[in-house]
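FYI, side chains are in, hydrogens and waters are out, and symmetry mates aren't considered; it's all heavy atoms of this structure. Small disclaimer: the values here were computed from a predicted structure and weren't measured.
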Amino acid sequence: MSSAEHRRTPTGFNLVPPPGWDAIPLDTGTQEAMDRIVRKAISQLPVGFPKDDIPKARLKLTQEMKKVVRRAGAKGGMTLYLPTERLHGVALPVSIVASEPIEIPRVRPESGPEAVLLALASETPGAEVRELDETAALRSERDVPADPAQGVDVAHRQVEYFVPIPASTPDQYLTFSFSALIAPGSDPAFHDTLVELFDAVMSTFRWSYA
């Protein structure tokens, strides 16, 4: 990346999801993307699936999709990434949400985003600073227990990357949040593998410039 690009504010970013994943924009084109994913899921139903049950399956998929999209949108999401194909016959209970940029004031007028990241890291257990496309970002990981009273129906592993947008005025930050549902009695190593998958996806992160 040239020094000139470092002085410019990116107009967006590129992220490469794994094969068999799809992206749902949460501002425009949401319904079209949902319809495409549901059609794909229906086309992948096993041979011998009762034809009379297909409408019911389509309705259930649509309802579940709407629920996931609504939850992502309520958290300020702008793009939702979901696996739409099974991996070795297993449906992965995971999702990635890229959220709209948010503004955070500087720790001190003369300080930059790095000071904000360090301040957040000092208050976030397990947080660490990593580099994404030559930009320092904060990574955190935790297991979130089920708590229906707080709207958390199922326990899940959560990993977040908090990324400052270079040369943004005022300072703006993107959040990429990964969630993997934790089924009772499931192998923790399986969730570790899913987290490694997310970290691999984030390693493809690149800023884009118009």
Side-chain angles (χ1 to χ4, degrees), residues 9-103 132-133 137 144 151-154 156-163 165 168 172-181 183 194-195 197-210:
T9 302
T11 56
F13 66 86
N14 294 310
L15 198 66
V16 181
W21 285 56
D22 212 327
I24 302 177
L26 300 176
D27 47 5
T28 59
T30 305
Q31 188 61 53
E32 292 84 350
M34 290 171 56
D35 291 343
R36 181 183 68 250
I37 292 172
V38 170
R39 286 196 301 269
K40 184 176 183 179
I42 293 300
S43 71
Q44 295 176 346
L45 289 173
V47 176
F49 190 88
K51 290 185 177 180
D52 291 344
D53 290 342
I54 290 179
K56 186 185 300 182
R58 181 182 291 109
L59 177 60
K60 183 177 180 180
L61 285 169
T62 300
Q63 291 174 336
E64 290 297 322
M65 188 76 63
K66 286 182 177 180
K67 184 186 301 183
V68 173
V69 167
R70 188 164 52 248
R71 187 177 298 131
K75 295 181 178 179
M78 61 179 173
T79 307
L80 170 66
Y81 302 88
L82 292 172
T84 55
E85 295 181 7
R86 292 175 178 268
L87 180 63
H88 304 304
V90 177
L92 299 181
V94 299
S95 64
I96 299 172
V97 178
S99 297
E100 294 280 357
I102 59 172
E103 296 179 10
L132 298 178
D133 195 16
V144 181
V152 182
D153 297 327
V154 183
H156 60 278
R157 176 80 58 87
Q158 179 176 292
V159 184
E160 290 188 334
Y161 279 79
F162 193 59
V163 190
I165 300 176
S168 54
Q172 294 187 314
Y173 299 76
L174 295 172
T175 302
F176 296 85
S177 182
F178 168 82
S179 178
L181 301 185
L194 295 178
V195 168
L197 174 66
F198 175 53
D199 286 332
V201 170
M202 291 306 300
S203 73
T204 71
F205 176 92
R206 296 294 182 273
W207 295 113
S208 58
Y209 298 83

Quiz item: If you round to the nearest 0.5 Å, how far is CZ of Arg206 from CG of Asn14?
Solution: 9.5 Å

Exercise. With sequence neighbours excluded, give me every side-chain hydrogen bond (donor to acceptor under 3.5 Å, both in side chains) pair touching residues 50-59.
Key: none

Quiz item: How are the rings of Phe198 and Phe178 set relative to one another: parallel (under 30°), tilted (30 to 60°) or perpendicular (over 60°)?
Solution: parallel

Quiz item: Hey, mind stepping through Val94 and Trp21 against side-chain contact (heavy atoms from CB on, under 4.5 Å) and telling me if it holds?
Solution: CA-CA 11 Å; Val94 299; Trp21 285 56; 3.5 Å; yes

Self-check item: Value rounded to 0.5 Å, distance of CG in Leu80 from OG in Ser99
Solution: 10.5 Å

Quiz item: Who are the side chain to side chain contact (heavy atoms under 4.5 Å, CB included) partners of Ile102, not counting sequence neighbours?
Solution: Ile104, Phe162, Tyr173

Quiz prompt | Ala72 versus Leu26, closest heavy-atom pair with distance | solution = CB-CD1, 3.8 Å

Self-check item: Min side-chain heavy-atom separation Ile96-Pro17 under 4.5 Å
Solution: no

Practice problem: Output yes when a side-chain donor or acceptor of Thr84 lies under 3.5 Å from a complementary backbone atom of Ala41, and no otherwise. | Solution: no

Self-check item: Check: Ser179 and Gln158 side chains under 4.5 Å, non-hydrogen atoms
Solution: no

Quiz item: In Å and rounded to the nearest 0.5 Å, what is the CG to CH2 distance from Leu132 to Trp207?
Solution: 8.5 Å

Quiz item: What pair of heavy atoms forms the shortest contact from Thr62 to Met34, and how long is it?
Solution: O-CE, 4.5 Å

Practice problem: For Ala137 and Val163, work out which heavy atoms get closest and say how close. | Solution: CB-CG2, 3.9 Å

Quiz prompt | Aromatic ring pairing Phe13/Phe176, orientation class (parallel under 30°, perpendicular over 60°, tilted between) | solution = perpendicular

Quiz item: To the nearest 0.5 Å, what is the distance between CG (Leu61) and CZ (Arg39)?
Solution: 13.0 Å

Quiz item: Where do Val97 and Gly77 come nearest, in terms of heavy atoms and distance?
Solution: CG1-CA, 3.7 Å

Quiz item: About how many Å separate CG of Leu194 and CG of Asp199, when rounded to the nearest 0.5 Å?
Solution: 11.5 Å

Exercise. Using the salt bridge (Lys or Arg N to Asp or Glu O under 4.0 Å) rule, collect all pairs that involve residues 20-34, keeping only residues at least two apart or in two chains.
Key: Asp22-Arg36

Practice problem: Assess whether atom NZ of Lys40 is packed by more than 12 heavy atoms of other residues, nucleotides or ligands within 6.0 Å. | Solution: yes

Quiz item: Out of curiosity, Tyr161 OH to Leu15 CG, how far, rounded to the nearest 0.5 Å?
Solution: 10.5 Å

Quiz prompt | Worked verdict on Arg157 versus Val195 for side-chain contact (heavy atoms from CB on, under 4.5 Å) | solution = CA-CA 8 Å; Arg157 176 80 58 87; Val195 168; 3.7 Å; yes

Quiz item: So which heavy atom on Ala33 is nearest to which on Ala23, and how close?
Solution: CB-O, 4.1 Å

Quiz prompt | side-chain contact (heavy atoms from CB on, under 4.5 Å) assessment of Leu82 paired with Met65 | solution = CA-CA 10 Å; Leu82 292 172; Met65 188 76 63; 3.7 Å; yes

Quiz item: What are the two closest heavy atoms between Ala98 and Tyr81, and how far apart are they?
Solution: CB-CE1, 4.3 Å

